[in-house]
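As structure tokens, the structure follows; a few thoughts come after it.
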There are 2 protein chains.
Amino acid sequence: MARTAGSHSDITGPRIRDAALRLFAREGYAAVSMRRIAADVGLQAGALYNYTPDKQTLLFSLMEGHMTDLLAAWETEDKGATPCDRLRAFTQFHIRFNLDRADAVFISYMELRNLDPANFRRLEELRRDYERALETILSDGIADGSFAIRDPKIASLAVIAMLTGVNTWYRAGGRLSLPQVQEIYWDMVRSLAGA
Amino acid sequence: MARTAGSHSDITGPRIRDAALRLFAREGYAAVSMRRIAADVGLQAGALYNYTPDKQTLLFSLMEGHMTDLLAAWETEDKGATPCDRLRAFTQFHIRFNLDRADAVFISYMELRNLDPANFRRLEELRRDYERALETILSDGIADGSFAIRDPKIASLAVIAMLTGVNTWYRAGGRLSLPQVQEIYWDMVRSLAGA
DNA sequence: CTTTTTTCTGAACACTTGTTCAGTTAACCT
DNA sequence: AGGTTAACTGAACAAGTGTTCAGAAAAAAG
């Protein structure tokens with residue numbers, strides 16, 4: 001056989017990325033073979049190489065895509081005027097955005113060690129950009145007296161770790177709804193910031 | 001060849017576990033072969049099977065060992081009398097203990113997906129025991145009025161996530177010493193608890 | 001229609017994987 | 001000393017790895 005009926009790169013491409021994302025998140029990059037990804041999409045392994053030069057690049061592009069999506073989404077978010085408003089916006093945004101893309105979040109954090117050095121550095125840059133966005137909010141709040149924080153750099157890391165932790169336990173339909181979770185965490189973040 | 005000069009299971013056993021721990025943490029369970037572990041210890045792959053029935057069990061025993069160590073160490077810790085003292089003790093303990101065993105912490109969190117269901121459940125139990133230890137402290141503090149927390153269960157998860165996050169950035173010899181980090185985090189945890 | 005381009009198959013490549021085991025040697029015991 | 005046990009080798013097994021590529025069929029273009 002050869003080209004199959006109805007095949008189209010605009011459809012196959014995203015399906016490959018979706019399958020890879022899901023499988024990498026669920027079983028790990030190293031544990032998932034190209035044949036497995038292909039089978040999930042209904043292809044032979046060779047066909048994947050029309051869409052990625054190699055497995056490593058497929059992983060990296062998923063991770064980079066997620067990080068640039070994250071940064072872009074935060075850019076267009078309604079942030080509010082005061083540092084306190086912006087901290088609240090950040091808290092709610094981070095929880096919502098990350099829960100919506102649990103697989104990508106998991107991969108971007110978990111598979112860093114499987115990136116070659118150049119790709120690793122690129123991803124670290126993006127991560128730091130995001131951390132700096134929060135750090136700036138905290139520093140602004142310290143400057144204008146609305147926050148009481150000793151070390152805004154550490155605090156930004158602490159807050160992000162705390163918020164990302166939601167992904168490990170939250171399940172839709174559980175004890176708490178998303179807005180409730182957002183409110184509880186905002187309470188904690190506000191206290192932590194001394195506001 | 002066969003048995004090598006000076007070989008002794010009391011020495012080889014721990015060396016295998018150390019090598020496996022380090023390699024699993026650095027490159028991931030699925031990415032590390034038995035031959036690689038063996039080579040690190042100076043053995044052939046077959047020799048590993050005198051020490052573990054299979055690769056999966058080796059991973060699990062490392063993870064389980066770490067969790068029981070963690071629980072045992074917390075048991076023997078000086079915890080203090082009041083909920084506030086105990087929360088402070090927990091904070092300092094968690095940071096110190098986890099930084100001392102970064103590899104084991106990383107694995108116990110990262111490789112859960114590589115466990116078969118029974119092993120997974122066992123490890124979840126241990127993790128929950130630890131979370132409950134903190135939750136109890138928080139609940140006690142709410143009961144006697146020393147803490148202002150809405151949801152002690154969520155708060156315990158948030159605090160643990162926040163504290164464990166230290167492992168991702170702390171490096172000995174960096175800007176902050178361990179006691180400084182402990183103090184900064186205790187500040188944040190105390191604020192978060194409303195104490 | 002015919003030609004070109006896009007998309008995919010199926011086989012092949014060289015290599016690695018976890019695991020088993022008969023055989024061999026060092027260490028220990030009496 | 002000799003016998004027993006503990007520790008390890010080296011080869012083998014069947015299965016799976018990422019990747020390449022000639023060829024074939026569907027889709028698009030002319």
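Order of the sequence lines sets the chain letters (A, B, ...), proteins ahead of strands, with each chain counted from 1. Side-chain atoms are counted along with the backbone in the values below, which use heavy atoms only and exclude waters and symmetry mates.
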Just checking A47(B): base, sugar-phosphate only, or nothing, at a heavy-atom cut-off of under 4.0 Å?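 Answer is base: heavy atoms of A47(B) come under 4.0 Å of a base.
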With a non-hydrogen cut-off below 4.0 angstrom, is V32(B) in contact with a base, only sugar-phosphate, or nothing?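 Sugar-phosphate contact only.
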Within this structure, what is the CG-CG distance for the pair L48(B) and L58(B), rounded to the nearest 0.5 Å?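 One gets 8.0 Å once the value is rounded to the nearest 0.5 Å.
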Rounded off to whole Å, could you give me the [atom1]-to-[atom2] distance for the [X] and [N] pair?
| X | N | atom1 | atom2 | answer |
| --- | --- | --- | --- | --- |
| R36(A) | dA15(D) | CZ | P | 19 Å |
| L48(B) | dG10(D) | CG | C1' | 14 Å |
| Y29(B) | dG18(C) | OH | P | 8 Å |
| L43(B) | dA6(D) | CG | C1' | 14 Å |
| N50(B) | dA27(C) | CG | P | 16 Å |
| K55(B) | dT19(C) | NZ | P | 8 Å |

So among R127(A), E64(A), M63(A), which one has a side chain to side chain contact (heavy atoms under 4.5 Å, CB included) with S108(A)?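 The residue from R127(A), E64(A), M63(A) that satisfies side chain to side chain contact (heavy atoms under 4.5 Å, CB included) with S108(A) turns out to be M63(A).
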I want to check one thing: is the phosphate of dC8(C), taken as OP1 and OP2, less than 4.0 Å away from some side-chain N or O of Y51(A)?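 For dC8(C), OP1/OP2 do have a side-chain N/O of Y51(A) under 4.0 Å.
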On the nucleotide dT17(C), are OP1 or OP2 found under 4.0 Å from the side-chain N or O atoms that S33(B) carries?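 Answer is yes, contact under 4.0 Å.
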Pull out every residue in residues 7-20 of chain B that has a heavy atom closer than 4.0 Å to any atom of DNA chain C, ordered by number, or say none.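 Contacting residues: H8(B).
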Listed nucleotide nearest any side-chain atom of [X], set [options]:
| X | options | result |
| --- | --- | --- |
| M34(A) | dT9(C), dT19(D), dA24(D) | dT19(D) |
| Q44(A) | dT9(C), dT19(D), dT17(C) | dT9(C) |
| A2(B) | dC8(C), dT19(D), dG23(C) | dG23(C) |

Count I, L, V, M, F, W, Y as connected when their side-chain heavy atoms are under 4.5 Å apart, and connections chain through other members. Are F93(A) and L178(A) then in the same cluster?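 Looking at the clustering, L178(A) is in the same group as F93(A).
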Are L157(A) and L99(B) connected, step by step, through hydrophobic side chains (Ile, Leu, Val, Met, Phe, Trp, Tyr) whose heavy atoms are closer than 4.5 Å?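 Yes; tracing contacts between hydrophobic side chains, which count when under 4.5 Å, links both residues.
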Which comes earlier along DNA chain C counting from the 5' end, the contact point of G6(B) or that of D54(B), where each point is its nearest nucleotide?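 First, find each residue's nearest nucleotide; the 5'-ward one identifies D54(B).
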Is any NZ, NE, NH1 or NH2 atom of the basic residue among R175(B) and D151(A) found under 4.0 Å from an Asp or Glu carboxylate oxygen of the other?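 Yes, R175(B) and D151(A) are salt-bridged.
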Knowing that exactly one of Y185(B), W186(B), Y130(B) qualifies, which makes a ring-ring contact (aromatic ring centres under 6.0 Å, His included) with F90(B)?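 Testing F90(B) for a ring-ring contact (aromatic ring centres under 6.0 Å, His included) against Y185(B), W186(B), Y130(B) leaves exactly one candidate, Y130(B).
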Run the salt bridge (Lys or Arg N to Asp or Glu O under 4.0 Å) test on R122(A) and E125(A) for me, step by step, so that the C-alpha distance in whole Å, both residues' side-chain angles and the decisive distance to 0.1 Å come before the verdict. CA-CA 5 Å; R122(A) 168 78 181 127; E125(A) 266 179 43; 3.7 Å; yes
